Protein chains: 4
Amino acid sequence: MPVISTERMRDRRDSILAAASRVFSQKGFQAASIAEIARAAGVSDGLVYKYFENKRELLISALTAFYERVIDDLEQQVELGETFADRLRLLVQTHLGVFVRDTGLCRLFISEVRVATDYPGSAIQVLNKRYTAVLLRIVHDGIRNGEVRPDTDPRVVRDLLFGAVEHVAWRHVTTRKAIDCDRLGRQIAGMIVGGIAPPRPAARRRAAS
Amino acid sequence: MPVISTERMRDRRDSILAAASRVFSQKGFQAASIAEIARAAGVSDGLVYKYFENKRELLISALTAFYERVIDDLEQQVELGETFADRLRLLVQTHLGVFVRDTGLCRLFISEVRVATDYPGSAIQVLNKRYTAVLLRIVHDGIRNGEVRPDTDPRVVRDLLFGAVEHVAWRHVTTRKAIDCDRLGRQIAGMIVGGIAPPRPAARRRAAS
Amino acid sequence: MPVISTERMRDRRDSILAAASRVFSQKGFQAASIAEIARAAGVSDGLVYKYFENKRELLISALTAFYERVIDDLEQQVELGETFADRLRLLVQTHLGVFVRDTGLCRLFISEVRVATDYPGSAIQVLNKRYTAVLLRIVHDGIRNGEVRPDTDPRVVRDLLFGAVEHVAWRHVTTRKAIDCDRLGRQIAGMIVGGIAPPRPAARRRAAS
Amino acid sequence: MPVISTERMRDRRDSILAAASRVFSQKGFQAASIAEIARAAGVSDGLVYKYFENKRELLISALTAFYERVIDDLEQQVELGETFADRLRLLVQTHLGVFVRDTGLCRLFISEVRVATDYPGSAIQVLNKRYTAVLLRIVHDGIRNGEVRPDTDPRVVRDLLFGAVEHVAWRHVTTRKAIDCDRLGRQIAGMIVGGIAPPRPAARRRAAS
DNA sequence: AATGAATGAGTTTTCATTCAT
DNA sequence: AATGAATGAAAACTCATTCAT
């Protein structure tokens, strides 16, 4: 029987996690110290280790929580699109929006999680799959509805789309220049859609190579 | 007059740089120690600081040297393509090839240099510009020759292309699965070309590959 | 609530301070290493930094503690003198005694603290003021009682007295020759008193000792 | 037979010495590097070691050269005084003047040379003796001429005088406040003279204790 | 459960000094 | 005689992690 309630424990854990998100995103993984996170969470250094194995696991947990919120948001947003093109555009725009709003955590994600060698099979990867699954479903639906050329490889679409979003977002992160999510999202999605749209009767085209 | 020849000095510098490239790409910036790099280069710890201001500058120098080799290679390869589509495909394939061959250095570049706040305006950024200039020129030429739709925004093409390459390559880095640069390059380039090709009246579009 | 008692913490701090006093006064500031001080105090290197910001602050703290003891002693001793001349002599003798007993710390004080540019305004300077205040009060009282010529500048007295004490003591430090605090104190004080005593009409002056 | 003339060697040595004086007095012993001194002197690092055993010896040599100039100056100045009181005053004023003009070197002297354990018997000590000899001679002459009380201990006069000068000068060094050498010199010397003046017939005095 | 005192490993950087040329 | 490349030792300081209380 726990001396403090499960609910209280959940609160403690959450406040540490929230503090970690804040401190990590401001200072980066290496520069953030457990002591500072503990102070920000209003707990002692030692207690952090009751809830998280070590500093790295704390980072991963914080990013996972963030990632879950992002995906929930993404799935909801995409639902709003009616056509294939709409949904693709919404996906890009929402994705970009996350980068703009949570720049610090996104930077952390790219610079720290991606480098980690324990990446394959981790909780993060599961979320990654779920994230990309959203896109893959959109493409599959598009193919079924005749909005997408049937020979389209959805994985290449995924690489183009997520790659471009990150590339743009990263520039935003490093240059600190504002980005126009709306316009850019429209352009990126538009270019991809144009490329995978079924042949229009009034146009002729030869294979590229 | 110098006690040892300029050539000898150049050699020393080069061997330190080569050792740094090796050690940094294996262990990452933070985990690599100057002592290990010096040992790998066969020099004393102190000598490293005769040639490089500090650890970070050593990293930047190593990555710059690498980047220069990559760009030289890229520019040569792209020249071989005759049509717009050819050149775009070669660009993607070469780019992917670099990631596959020098995974460690590419990872280093993305995780360490990009995160740096001093990134804008640095020597690296100059090379970055040169790198992307190759693509922008290809697109501009394509527009002039009528191979590319005139309303195409070359910057969005750049984001799609480089983003996708990095995304694919990164998966290679983390999953350690081999990638087929040839096929993937053809697919990515093909999808972009399809999207930005000008519509030709009264023609039928065929799949690219 | 603290895991170890406040008393225990005070002990830790004190033992570090005592060890620092010993090591610093033997080797000087620069030559003493934190590791050696920690070893002498029976604690780990890191703990030193829990109690003291950095090496310099440790030095200042050690000297401040020493200085406080010295001043307490000085103030008590001076109280024992009944006349102006007595008090002045006691001041010089006590002052010399401190130099003789704690040669190392005095050397440290002069060579390290005085050179420091942060000296003005520091905690040490406050003690310095308190130290000299003892003398200034003696002189002022002497003037009020008619034992000291009224046009005497107490600051010059201070410079003569403390300067001479330090000069004598320094010779003791460097030559390692014993000094006779009693006799020397009498001589120095006597010479100063002779100079600032008001001329008494129709009297004959005798030698002080 | 030297390849370069003795004169040339002397020049080299002097320029190193001059550079060392400048750099040492600006940065202090520890912070000054041989490389910087060599650069300032326009010679290579290695050459410094042809003329001076090591860094410390270079410091001692620089201070010795400085000290010699100071003493020469002092001896000349003191000659200008006609009476005992005049000469004593000139001594103090000149001494203070040196501190004001060459603050850096004086600080260096006090903080570095005095601390040195090799001080007794060193070249510096010889100069020290010569320095104090100037004063002792003045006092002896004063006694012979009846200007100074015969039972005066010249060594105590020395301690009072040099001690006070240094004490005042050191305050100047650390507080960076200007000092009025003229007035202060007059006060210090005056107070000492008053104390050691032969008994004036119209004054009576008792022993202090 | 919670604390926070205590640990101690780990690393960049500097620079006096040497010595091959 | 002169150079300056090369050495390598040395040390302050931080902080993740542990564990007695």
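Lettering follows sequence order; numbering is per chain, from 1. Owing to the predicted nature of the structure, the values given are computational and were not obtained by experimental measurement.
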Is the phosphate of dC15(F) approached by Y49(A) (side-chain N or O, under 4.0 Å from OP1 or OP2)? no
Comparing I34(C) and E53(A) on DNA chain F - which has the more 5′ nearest nucleotide: I34(C)
Heavy-atom nearest nucleotide on DNA chain E for G42(C) versus A31(B): which residue maps closer to 5'? G42(C)
Using whole Å, what does the distance between atom C1' of nucleotide dG4(F) and atom CD of E36(D) come to? 17 Å
Here the gap from Y67(C) atom OH to I60(C) atom CD1, rounded to the nearest 0.5 Å, amounts to 12.0 Å
Could you give the CG-to-C1' distance, from D45(C) to dA6(E), as a whole number of Å? 12 Å
Which nucleotide, if any, forms a Watson-Crick or G-U wobble pair with dA20(E), using both distances under 3.5 Å? dT3(F)
Geometric cation-pi criterion, R12(C) with Y51(C): 6.0 Å, 45°: no
Atom CG of L58(B) and atom P of dT13(E) are separated, to the nearest Å, by 10 Å
Hey, does the side chain of S44(C) come within less than 4.0 Å of dG8(E)'s phosphate (OP1/OP2), counting only N and O? no
In whole angstroms, how far is the P atom of dT12(E) from the CZ atom of R39(B)? 12 Å
In whole angstroms, how far is the C1' atom of dT18(F) from the CZ atom of F52(A)? 18 Å
Which part of the nucleic acid, if any, lies within contact of A32(C), taking any heavy atom under 4.0 Å across all strands shown: a base, the sugar-phosphate backbone alone, or nothing? sugar-phosphate
Given dA6(E), dA6(F), dT7(E), the nucleotide with the shortest approach to the side chain of V43(C): dT7(E)
Identify, between K50(B) and Q30(C), the residue whose nearest nucleotide on DNA chain F lies closer to the 5' end. K50(B)
What nucleic acid atoms does L47(D) come within less than 4.0 Å of, heavy atoms only: base, sugar-phosphate, or nothing? base
In whole Å, I'd like the distance from the CZ atom of R13(B) to the P atom of dA5(F). 14 Å
Provide, to the nearest angstrom, the distance between the CZ atom belonging to R10(A) and the P atom belonging to dA1(E). 15 Å
Whole-Å gap separating P (dC15(E)) and CZ (F24(D)): 13 Å
Once you apply a heavy-atom cut-off of 4.0 Å, does K55(B) come out as touching a base, just sugar-phosphate, or nothing? sugar-phosphate
From the list R22(D), K55(D), K27(D), salt bridge (Lys or Arg N to Asp or Glu O under 4.0 Å) with E36(D) holds only for K27(D)
Nucleotide nearest N54(A) when distance is taken to its side chain, options dT13(E), dA6(F), dT17(F): dT17(F)
At what distance, to the nearest 0.5 angstrom, does OG of S21(D) lie from CD1 of I16(D)? 12.0 Å
Atom pair OG1 (T64(A)) and CZ (R69(A)), whose distance is rounded to the nearest 0.5 Å: 11.0 Å
Examine F109(A) together with F66(A) and report whether their ring centres are nearer than 6.0 Å. no
Below 4.0 Å: OP1/OP2 of dA5(F) and any side-chain N or O of R12(B): no
Do any side-chain nitrogens or oxygens of Y51(D) fall under 4.0 Å of OP1 or OP2 in dA2(F)? yes
